[in-house]
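Take a look at the structure set out below.
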There are 2 protein chains.
Amino acid sequence: MKKLDESLLTNLPPFRKLDRSQIRQILDAATPVRINAGDAFFDQGDTAEKFFLLLDGHIRVVKMTPDGEQVIALHIASGQLFGIAAGLGKATYPATSVAADECLALYWPNVMWDRFVATYDGFATETYKVVGERLDEMNKRIVEMATQQVEQRVACVLLRLINQAGRKVPDGIEIDFPITRQNISDMTGTTLHTVSRLLSAWEKSGIVASKRSKVTVTEPHQLVLLSGATG
Amino acid sequence: MKKLDESLLTNLPPFRKLDRSQIRQILDAATPVRINAGDAFFDQGDTAEKFFLLLDGHIRVVKMTPDGEQVIALHIASGQLFGIAAGLGKATYPATSVAADECLALYWPNVMWDRFVATYDGFATETYKVVGERLDEMNKRIVEMATQQVEQRVACVLLRLINQAGRKVPDGIEIDFPITRQNISDMTGTTLHTVSRLLSAWEKSGIVASKRSKVTVTEPHQLVLLSGATG
DNA sequence: GTCCCAGTTTGCTCCACCGCAACAAGCGAT
DNA sequence: ATCGCTTGTTGCGGTGGAGCAAACTGGGAC
């Protein structure tokens with residue numbers, strides 16, 4: 001197997017403070033894995049024996065309810081660690097990680113987690129900072145779900161997505177991975193029908209442009225107003 | 001100031017693995033603080049310069065929306081750390097911690113966090129296990145809010161509360177801190193009216209008994225059925 | 001090209017829930 | 001006791017958005 005390039009890691013938060021030889025060691029312990037859109041790195045309930053770093057692509061973290069409904073808990077963008085359940089004391093993965101598009105990741109066996117934390121100064125701090133951010137984001141979502149109506153929630157989700165995975169294009173900012181109305185409804189706790197109606201309306205107002213499995217925001221500012229941001 | 005008793009800490013997860021002299025050191029660095037029901041240890045947005053351990057009482061972690069609505073993110077029971085924002089890389093507290101009843105807590109300045117993590121083996125692990133559990137709980141709530149209707153959500157919240165702060169009494173399990181319909185609605189994203197109606201109905205069915213600011217569950221099993229647990 | 005299917009659009013009906021309003025019931029203070 | 005304030009109860013109308021159903025569309029497989 002050919003060696004992985006060190007530059008993959010040097011600029012990512014968890015590894016930023018490390019020197020070349022340390023990065024080398026970490027990379028040599030890693031296993032690369034590539035999966036297609038729609039496939040999963042692991043399923044909810046699997047014993048958590050690895051943790052991952054997403055190098056390229058986008059992941060949907062999906063929770064299934066006992067009666068078959070699914071909720072998208074969050075998205076992972078490239079450069080982020082995921083599947084770190086074990087580092088937080090969980091024996092099994094709490095959700096399924098589905099590739100939104102073609103994904104490339106590295107993984108390490110769990111034993112490496114403690115080694116990384118112990119050996120590489122700053123790894124723990126940087127990592128838990130990421131956890132803090134996720135906590136924050138989930139908190140925001142709970143507040144949204146509790147206080148806002150569907151239109152505002154959908155607007156919030158779109159704004160969050162263009163922040164996390166937005167790509168500038170001539171006519172606005174597009175979400176650079178495939179995303180269906182169903183997906184958006186799974187993120188906002190509504191139905192694909194309602195999302196479709198909203199996007200149609202917004203398209204008429206010139207706020208967004210959307211094709212099949214693709215959304216582009218042309219007037220982010222308008223969306224901010226709709227999202228119910230007070231001030 | 002008289003010395004704090006070591007037995008306060010010995011059985012709590014973050015300190016379980018430590019010996020007497022270590023516990024002594026930790027206690028000597030702590031400042032005790034007592035507040036009344038309704039008061040707050042800190043407010044959302046305050047610079048996070050301390051972290052706390054709740055010794056007695058119950059805390060509501062409350063988030064305010066820009067337009068004045070409030071959402072109860074979670075409850076803290078005695079024995080738990082809280083206000084650990086700084087340990088997760090946040091500069092300010094993300095929410096307000098309001099005492100549900102009279103509360104007694106210890107606090108340490110932030111600098112002690114890194115010291116604890118570095119000095120006391122297992123402190124970090126145990127602590128992040130707690131964070132993992134909170135992440136999990138919040139995840140569950142997001143799924144609930146996204147998929148279930150009000151009746152099920154309220155049932156879930158009551159079940160969660162009797163698990164976290166239930167006290168066995170002759171006629172069932174009571175939530176052993178004051179809690180209003182408004183509070184319950186702030187947890188479930190509904191209105192106090194709807195909660196009142198639900199509790200009235202459940203009281204008629206003999207599932208719960210409630211007085212002003214007090215709820216007792218007499219038939220937990222019935223509540224589980226209502227909560228929509230499939231199986 | 002044609003078929004097929006996942007994704008989307010749109011209309012219509014219905015009901016869970018919100019929002020208002022008015023009232024009742026505790027509980028503390030004086 | 002009387003007042004005042006917080007908390008709880010209940011009725012009623014309006015509506016946001018879910019839950020059907022039916023039709024359309026674009027893109028990939030062949």
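The structure displayed is predicted, hence computed values, not measured ones.
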Quick one: is [N] close enough that its OP1 or OP2 comes under 4.0 Å of any side-chain N or O from [X]?
| X | N | result |
| --- | --- | --- |
| A:Ser200 | C:dT10 | yes |
| A:Ser196 | C:dT8 | no |
| B:Thr194 | C:dA16 | no |

message: Under 4.0 Å, counting only non-hydrogen atoms across every strand here, what does B:Leu199 touch: a base, just sugar-phosphate, or nothing?
response: nothing

query: Touch check for B:Ser210, heavy atoms < 4.0 angstrom, all strands: base, sugar-phosphate only, or nothing?
result: nothing

[X]: salt bridge (Lys or Arg N to Asp or Glu O under 4.0 Å) partners, not counting sequence neighbours:
| X | result |
| --- | --- |
| A:Glu133 | none |
| A:Glu6 | A:Arg20, A:Arg24 |
| B:Arg134 | none |
| B:Glu174 | B:Arg167, B:Lys214 |

Closest approach of [X] to [Y] (non-hydrogen atoms, all atoms of both residues):
| X | Y | result |
| --- | --- | --- |
| B:Asn110 | B:Ala48 | ND2-O, 2.5 Å |
| B:Asn36 | B:Ala99 | O-CB, 3.5 Å |
| A:Val157 | A:Met187 | CG1-SD, 3.7 Å |
| A:Leu27 | A:Asp5 | CD1-O, 3.4 Å |
| A:Gly166 | A:Ile173 | CA-CG2, 3.8 Å |

Using a cutoff of under 3.5 Å, can you pull out all pairs of nitrogen or oxygen atoms linking the protein to nucleotides 4-6 of chain C, with atom names and distances?
residue : atom : partner  : partner atom : Å
C:dA6   : N3   : A:Arg212 : NH2          : 3.0

When you measure from the side chain of [X] to the backbone N and O of [Y], does any donor-acceptor pair fall under 3.5 Å?
| X | Y | answer |
| --- | --- | --- |
| A:Thr190 | A:Thr194 | no |
| A:Asp101 | A:His58 | yes |
| B:Arg141 | B:Thr188 | no |

task: Take the C1' atoms of the five end pairs on each side of the helix from C:dG1-D:dC30 to C:dT30-D:dA1, derive the two axes, and give their angle rounded to 10 degrees.
output: 40°

task: Would you kindly compare B:Thr190 and A:Lys204 by the position of their nearest DNA chain C nucleotide and give the one closer to the 5′ end?
output: A:Lys204

- request: Hey, which sits more toward the 5' end of DNA chain C by its nearest nucleotide, B:Gly189 or A:Lys214?
  value: A:Lys214

Of all pairs that satisfy side chain to side chain donor-acceptor pair (under 3.5 Å), the ones with a partner from residues 217-229 of chain A, not counting sequence neighbours: none

- request: Could you say whether A:Glu151 or B:Leu192 is positioned toward the 5' end of DNA chain D, judged by the nucleotide with the nearest heavy atom to each?
  value: B:Leu192

field: Contact residues, residues 173-185 of chain B to DNA chain D [heavy atom, < 4.0 Å]
entry: B:Thr180, B:Arg181

Result block: side-chain N/O donor-acceptor pairs under 3.5 angstrom for residues 71-95 of chain A, not counting sequence neighbours:
residue : atom : partner  : partner atom : Å
A:Lys90 : NZ   : B:Asp136 : OD2          : 3.4
A:Tyr93 : OH   : A:Lys50  : N            : 3.2
A:Tyr93 : OH   : A:Lys50  : O            : 2.5

message: Among B:Arg153, B:Arg160, B:Gln149, exactly one meets side chain to side chain donor-acceptor pair (under 3.5 Å) together with B:Glu144. Which residue is that?
response: B:Arg160

- prompt: Hey, which of A:Ser213, A:Ser210, A:Ser196 is the one that makes side chain to side chain donor-acceptor pair (under 3.5 Å) with A:Arg181?
  reply: A:Ser210

Residue of the set A:Phe52, A:Phe51, A:Phe41, A:Phe42 for which ring-ring contact (aromatic ring centres under 6.0 Å, His included) holds with A:Tyr107: A:Phe52

Atom pairs under 3.5 Å, N or O on each side, protein against nucleotides 19-21 of chain C: can you list them with distances?
residue : atom : partner  : partner atom : Å
C:dG19  : O6   : B:Arg197 : NH2          : 2.9
C:dA21  : N6   : B:His193 : ND1          : 3.4

field: Donor-acceptor pair between B:Ser97 and B:Arg60 side chains, under 3.5 angstrom
entry: no

- request: Could you tell me from which nucleotide to which nucleotide of DNA chain D, 5' to 3', there is an atom under 4.0 Å from chain B heavy atoms?
  value: D:dT6 to D:dC12

- request: Specify the residues of residues 140-147 of chain B, ordered by number, for which at least one heavy atom lies under 4.0 angstrom from an atom of DNA chain C.
  value: none

